[in-house]
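Just so you know, ligand 1 is whichever comes first in the structure, and atom 1 is the first atom listed for that ligand.
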Amino acid sequence: MYDLIIIGAGPAGLTAALYALRAGKKVLVLEEKAYGGQIINAQKVKNYPGIIEVSGKDWAMTLFQQVKNFGGETKLEKVVSLKVDGSEKIIMTDMDEEYQTKTVVISTGTRYRKLGLPKEDELVGKGISYCATCDGNFYQDKDVAVVGGGNTALMDAIYLSGIAKKVYLIHRRDEFRGEKIYVDEARRKENVEILLNTVVTGLNGVDKLESIGISGDREIKLDGMFVAVGNQPHNQIFQDVIELDDVGYIKTNDGVHTNINGVYVAGDTRAKDLRQLTTAISDGAIAATMAVQEMDNS
Ligand code: NAP
């Protein structure tokens with residue numbers, strides 16, 4: 001039996017692991033895809049207090065190494081169910097493994113939101129991407145678009161302007177949601193054309209993306225389109241056990257406690273106002289500390 005099982009090895013989950021390990025607990029971290037979470041796709045993190053600039057991947061891999069140095073057990077297995085049997089929690093994974101634990105931290109993060117256009121799924125990897133850092137290099141001297149108006153879209157457009165010939169930055173409103181510092185930088189790039197009050201209405205191409213339709217019945221020829229329209233939770237596997245809000249984020253009563261004793265939530269997957277690296281690691285530290293206190297007091 002583990003003291004704590006953490007579901008999701010992003011910044012929140014790895015921080016929770018670090019805190020629980022340092023308190024001498026037996027910890028297992030289960031991760032579906034890749035250790036580090038979405039931050040590994042961030043070219044540069046410039047708003048982490050005390051660090052002027054760091055690559056998201058370097059930062060996350062250092063944290064992962066820290067967890068390993070403290071003896072953290074980590075497994076790449078997808079959690080398929082969580083059952084609560086009194087004070088014992090049972091976690092099943094897609095490897096047909098079953099793990100028992102006293103406490104759980106859910107830190108499953110979020111997934112990329114799609115535009116929901118016809119052909120969007122079939123053109124993924126054939127011109128459509130949700131990660132500029134991962135796929136940007138395929139578009140040397142090509143024409144690309146970035147869709148979205150948040151920090152991710154702005155940073156993607158800035159990043160791609162150094163690779164692609166032309167970058168259209170397409171946003172549905174007349175002002176950006178992202179920070180002014182990035183808006184100003186994107187505006188300064190000569191090969192970035194900003195299209196405000198504009199939505200993508202259609203995707204054209206058979207084996208690969210060739211053009212997109214946009215507001216005003218216009219068509220733009222493109223080699224690639226990067227969708228950066230935010231994220232969505234993916235907590236369906238917990239919905240019969242854990243209380244979710246209308247959108248699917250995990251509700252808490254006072255920060256990190258879910259409606260089930262011994263099950264905590266940390267990071268972007270919990271209902272909250274600000275989803276940042278700093279708030280994710282803060283959640284992780286608090287959730288693990290609460291879990292440790294609960295175990296020590298029982
Ligand atoms: P976000 O801030 O939620 O922005 C999503 C953008 O996509 C918004 O501009 C939104 O438009 C637009 N959008 C949503 N659904 C759309 C649709 N169906 N069609 C067209 N446009 C749509 O997401 P994000 O940029 O990924 O950022 C997520 C979080 O990470 C934020 O808190 C952000 O600050 C943070 N972040 C921080 C940094 C950093 O270095 N500081 C870098 C990246 C991300 P509206 O504006 O009209 O709603």
Side-chain angles (χ1 to χ4, degrees), residues 10-12 36-60 107-121 124 128-136 145-160 167-187 192 194-203 212-216 218 220 225-234 245 247-249 266-283:
Q38 280 190 18
I39 196 71
I40 63 173
N41 300 321
Q43 276 281 306
K44 294 169 187 170
V45 177
K46 292 186 178 184
N47 64 348
Y48 189 88
I51 299 180
I52 293 190
E53 183 179 306
V54 64
S55 100
K57 190 169 186 184
D58 287 352
W59 181 87
S107 46
T108 43
T110 55
R111 292 242 168 104
Y112 302 119
R113 180 182 289 128
K114 297 181 176 183
L115 287 172
L117 290 167
K119 287 192 172 188
E120 187 173 349
D121 286 339
V124 171
I128 293 192
S129 167
Y130 299 85
C131 177
T133 318
C134 317
D135 300 328
V146 175
V147 187
N151 278 340
T152 303
L154 289 161
M155 292 179 80
D156 285 357
I158 294 162
Y159 171 66
L160 290 164
V167 181
Y168 296 93
L169 175 55
I170 300 171
H171 179 39
R172 64 183 177 182
R173 284 192 298 132
D174 61 351
E175 61 181 34
F176 286 102
R177 179 178 292 276
E179 290 168 60
K180 185 176 178 303
I181 190 168
Y182 299 129
V183 176
D184 292 346
E185 194 176 340
R187 286 192 194 284
V192 175
I194 295 175
L195 303 174
L196 296 176
N197 293 314
T198 303
V199 296
V200 179
T201 51
L203 308 171
I212 59 169
I214 59 167
S215 312
R218 285 182 61 199
I220 308 178
M225 184 176 87
F226 292 85
V227 181
V229 297
N231 300 287
Q232 285 177 318
H234 55 115
D245 72 7
V247 187
Y249 290 106
D268 285 4
T269 201
R270 86 172 172 90
K272 61 177 179 176
D273 294 328
L274 184 63
R275 294 191 169 82
Q276 295 276 302
L277 190 51
T278 46
T279 60
I281 63 173
S282 163
D283 283 356

Give one line per pair: atom of ligand 1, protein atom, distance. Only N/O to N/O under 3.5 Å.
unit_1: ligand 1; atom_1: 9 (O); unit_2: Gly149; atom_2: N; d: 3.1
unit_1: ligand 1; atom_1: 9 (O); unit_2: Gly150; atom_2: N; d: 3.4
unit_1: ligand 1; atom_1: 11 (O); unit_2: Arg172; atom_2: NE; d: 3.2
unit_1: ligand 1; atom_1: 11 (O); unit_2: Arg172; atom_2: NH2; d: 3.4
unit_1: ligand 1; atom_1: 25 (O); unit_2: Asn151; atom_2: N; d: 3.3
unit_1: ligand 1; atom_1: 25 (O); unit_2: Thr152; atom_2: N; d: 3.0
unit_1: ligand 1; atom_1: 25 (O); unit_2: Thr152; atom_2: OG1; d: 3.2
unit_1: ligand 1; atom_1: 26 (O); unit_2: Thr152; atom_2: OG1; d: 2.8
unit_1: ligand 1; atom_1: 32 (O); unit_2: Arg275; atom_2: O; d: 3.2
unit_1: ligand 1; atom_1: 32 (O); unit_2: Gln276; atom_2: NE2; d: 3.4
unit_1: ligand 1; atom_1: 34 (O); unit_2: Asn151; atom_2: ND2; d: 3.0
unit_1: ligand 1; atom_1: 34 (O); unit_2: Gln276; atom_2: NE2; d: 3.0
unit_1: ligand 1; atom_1: 40 (O); unit_2: Tyr182; atom_2: OH; d: 3.3
unit_1: ligand 1; atom_1: 41 (N); unit_2: Asn47; atom_2: ND2; d: 2.9
unit_1: ligand 1; atom_1: 41 (N); unit_2: Glu179; atom_2: OE2; d: 3.3
unit_1: ligand 1; atom_1: 46 (O); unit_2: Arg173; atom_2: NE; d: 3.3
unit_1: ligand 1; atom_1: 46 (O); unit_2: Arg173; atom_2: NH2; d: 2.8
unit_1: ligand 1; atom_1: 46 (O); unit_2: Arg177; atom_2: NE; d: 3.0
unit_1: ligand 1; atom_1: 46 (O); unit_2: Arg177; atom_2: NH2; d: 3.4
unit_1: ligand 1; atom_1: 47 (O); unit_2: Arg172; atom_2: NE; d: 3.0
unit_1: ligand 1; atom_1: 47 (O); unit_2: Arg173; atom_2: NE; d: 2.7
unit_1: ligand 1; atom_1: 48 (O); unit_2: Arg172; atom_2: NH2; d: 3.1
unit_1: ligand 1; atom_1: 48 (O); unit_2: Arg177; atom_2: NE; d: 3.4
unit_1: ligand 1; atom_1: 48 (O); unit_2: Arg177; atom_2: NH2; d: 2.6

**OP:** Mark yes or no: Arg187 above the aromatic ring of Phe176, with NZ or CZ under 6.0 Å from the six-membered ring centre and no more than 45 degrees from the axis.
**Re:** no

Original post:
More than 12 heavy atoms of other residues, nucleotides or ligands under 6.0 Å from NZ of Lys119: is that the case?
Top reply: yes

Original post:
Checking side chain to side chain donor-acceptor pair (under 3.5 Å) against Tyr112, which of Asn231, Asn41, Thr152 comes through?
Top reply: Asn41

Original post:
Strictly by modelled atom types, are Asn47 and Glu179 linked by a side-chain donor-acceptor pair under 3.5 Å?
Top reply: no

Original post:
What residues form a side-chain contact (heavy atoms from CB on, under 4.5 Å) with Glu175, not counting sequence neighbours?
Top reply: Arg173

Subject >> Atom CD1 of Ile52 with >12 non-hydrogen neighbours under 6.0 angstrom >> reply: no

